[in-house]
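The structure appears below as structure tokens.
Throughout, a chain's letter reflects where its sequence line sits, starting with A, and its residues are numbered from 1. All values below were derived from every heavy atom in this structure, side-chain atoms included, with hydrogens, water molecules and symmetry-related copies excluded.
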Protein chains: 2
Amino acid sequence: MFKLSRMTDYGVVLLSSMAQRPDCLSTAPDLADRTMLPAPTVAKILKALAKGQVIVATRGAQGGYSLARPAADITVAEIIAALDGPVALTACVDGSDDNCSVERLCPLAGGWNRINLAVKAALDDVSLADLISECGMSDPAFGAAPGITLQQ
Amino acid sequence: MFKLSRMTDYGVVLLSSMAQRPDCLSTAPDLADRTMLPAPTVAKILKALAKGQVIVATRGAQGGYSLARPAADITVAEIIAALDGPVALTACVDGSDDNCSVERLCPLAGGWNRINLAVKAALDDVSLADLISECGMSDPAFGAAPGITLQQ
DNA sequence: CAATACAGTACTTATTTAGTCCTGTTTATA
DNA sequence: TATAAACAGGACTAAATAAGTACTGTATTG
């Protein structure tokens, strides 16, 4: 199945929860409580998002995380890149870490690259704000993880 | 990493090899030889492609497989669907097998669906012929598997 | 200086994917 | 009509990946 990782899914849940409180910092334990996701996993995801500059961290007591930019300026492609690495469907694609050894001979490389760019464009075109606002966030049930837990 | 499965990658190699001989049937052992991929795996992939109606099987002695349609009429989305199941990035997407339990409450469902449609459109837009022809197939090295083997 | 909170890394476990094998069915041909 | 070639389908094993956990270190506040 061609699908996103559970980490990315969790990441969006956490970011959505943070977007609801744009003016205050959210700590990892706090977000774990609000989303009902396991605390160590939440901490791990937040670290990755901070490293990818999707969120900014404030260290020390009274510290926490907040969105690096308004939700409308954070793209799905960025979130995926921070949590799962850059979007690269195959090894034969520009920007992939390990390029295949006979790249120059492979007649499929160009085609895959085209597909990769199209997918990346699709992901670049949707922001975190789009993802959240599409159906409104008024329902109090929002924040519980199971609703957006991925199949595996 | 957001990537295709190795099965899909192998599938494209096999289909490319079949497309080179549009007028004759190719048997599973024959394709395994030509592509240097392990024979049982090749057989498994061909069965899946036949089930997905990307290729047609002729049973019995002197049987084999051939493309169900001209390469230009076979899309990448079809190939992925046959080998990895339908493209459904998350469970919250129309057409997904197991839909999440609180689907009606999930504020992200609509957004994911939008992304999913965009990705699917990108994959629908590229045919097997596009994939093969982009760089020409003149190089004799084509047919050896390592060139398009995916990273993992 | 003590408590809080993030940073980084190493490790274990679980899940998924890939690969193999076996049995059954179909069909051409000797 | 018997035999061999070739696909169909499912069950099983092994390897690779992802997820989850734990621990040690660093920064900051009060």
Side-chain angles (χ1 to χ4, degrees), chain A residues 1-11 13-14 18 24-33 35-66 68 80 82-85 91 97-98 145 149-152, chain B residues 1-11 13-14 18 24-33 35-66 68 80 82-85 91 97-98 145 149-152:
Chain A
M1 172 84 64
F2 185 60
K3 64 175 176 346
L4 294 172
S5 73
R6 202 183 299 177
M7 287 294 157
T8 300
D9 191 42
Y10 288 176
V13 179
L14 293 169
M18 292 172 69
C24 50
L25 299 179
S26 303
T27 69
D30 191 25
L31 284 166
D33 280 351
T35 58
M36 319 247 307
L37 296 172
T41 299
V42 167
K44 184 182 189 175
I45 292 169
L46 291 171
K47 283 174 213 170
L49 288 171
K51 198 169 186 182
Q53 305 187 324
V54 175
I55 60 180
V56 290
T58 305
R59 296 177 70 153
Q62 311 305 317
Y65 295 98
S66 60
I80 293 174
L83 295 174
D84 280 327
D97 300 349
D98 76 342
T149 296
L150 277 181
Q151 69 189 29
Q152 276 297 0
Chain B
M1 171 82 64
F2 185 60
K3 64 174 175 352
L4 293 172
S5 72
R6 200 183 302 178
M7 288 294 157
T8 300
D9 191 43
Y10 287 176
V13 179
L14 293 169
M18 291 172 69
C24 50
L25 299 179
S26 304
T27 70
D30 190 26
L31 284 166
D33 280 351
T35 58
M36 319 247 304
L37 296 172
T41 299
V42 168
K44 184 182 187 176
I45 292 170
L46 291 171
K47 284 175 213 170
L49 288 171
K51 198 170 186 181
Q53 305 187 325
V54 175
I55 59 179
V56 289
T58 305
R59 296 179 69 156
Q62 310 305 317
Y65 295 97
S66 59
I80 294 174
L83 294 174
D84 279 328
D97 299 349
D98 76 342
T149 295
L150 276 182
Q151 70 190 27
Q152 276 297 1

Stepwise side chain to side chain contact (heavy atoms under 4.5 Å, CB included) check, Leu37(B) with Ile45(B): CA-CA 11 Å; Leu37(B) 296 172; Ile45(B) 292 170; 5.8 Å; no
Worked verdict on Leu46(A) versus Met18(A) for side chain to side chain contact (heavy atoms under 4.5 Å, CB included): CA-CA 11 Å; Leu46(A) 291 171; Met18(A) 292 172 69; 4.3 Å; yes
Worked check of side chain to side chain contact (heavy atoms under 4.5 Å, CB included) between Leu4(A) and Ile80(A): CA-CA 8 Å; Leu4(A) 294 172; Ile80(A) 293 174; 3.6 Å; yes
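What separates CG of Leu37(B) from C1' of dG19(C) is a distance of 12 Å, to the nearest Å. Nucleotide dT15(C) holds its C1' atom 12 Å from the CE atom of Met7(A), rounded to whole Å. One interatomic measurement links the two molecules: NZ of Lys47(A) to C1' of dA27(D), which rounds to 15 Å at whole-angstrom precision. Atom pair Asp9(B):CG and dT17(C):P shows a separation of 16 Å (rounding to whole Å applied). In this structure, Leu31(B) places its CG atom 13 Å from C1' of dC7(D), rounding to the nearest Å. Look at CD1 on Ile45(B): it is 9 Å from C1' on dA18(C), rounded to the nearest Å. Look at CG on Asp33(A): it is 12 Å from P on dA5(C), rounded to the nearest Å. In this entry the distance linking CG of Leu46(B) with P of dA8(D) reads 9 Å, nearest Å.
Applying the side chain to side chain contact (heavy atoms under 4.5 Å, CB included) test to Ser66(B) and every residue at least two apart in sequence or in another chain returns Leu25(B), Val56(B). Residues satisfying the side chain to side chain contact (heavy atoms under 4.5 Å, CB included) test with Pro29(B), not counting sequence neighbours, are Thr27(B).
In this structure, CG in Asp84(A) is found 3.5 Å from OG1 in Thr8(A), a value given to the nearest 0.5 Å. Here the straight-line distance linking atom CG of Leu83(A) with atom OH of Tyr10(A) works out to 12.5 Å at 0.5 Å rounding.
Mapped onto DNA chain C by nearest heavy atom, Lys44(A) and Tyr65(A) fall at different nucleotides, with Tyr65(A) at the one closer to the 5' end. Of the two residues near DNA chain D, Gly60(A) and Ser26(B), the one whose nearest nucleotide lies more 5' is Ser26(B).
Using a 4.0 Å cut-off, some side-chain N or O of Thr41(B) falls inside it from OP1 or OP2 of dT20(C). Between Tyr10(A) and dA19(D) there is no side-chain N or O to OP1 or OP2 distance below 4.0 Å. Within the 4.0 Å cut-off from OP1 or OP2 of dG20(D), at least one side-chain nitrogen or oxygen of Arg6(A) is found.
Note on Ala43(B): nothing from the nucleic acid sits closer than 4.0 angstrom, heavy atoms only.
For Ala61(A), taking side-chain heavy atoms from C-beta onward, the closest of the listed nucleotides dG20(D), dA18(C), dT4(C) is dT4(C). With distances taken from any side-chain atom of Gln62(A) to the nucleotides dT21(D), dA6(D), dT29(D), the minimum falls on dT29(D).
Within residues 51-59 of chain B, the residues that have a heavy atom under 4.0 Å from DNA chain D are, in order of number, Ala57(B), Thr58(B), Arg59(B).
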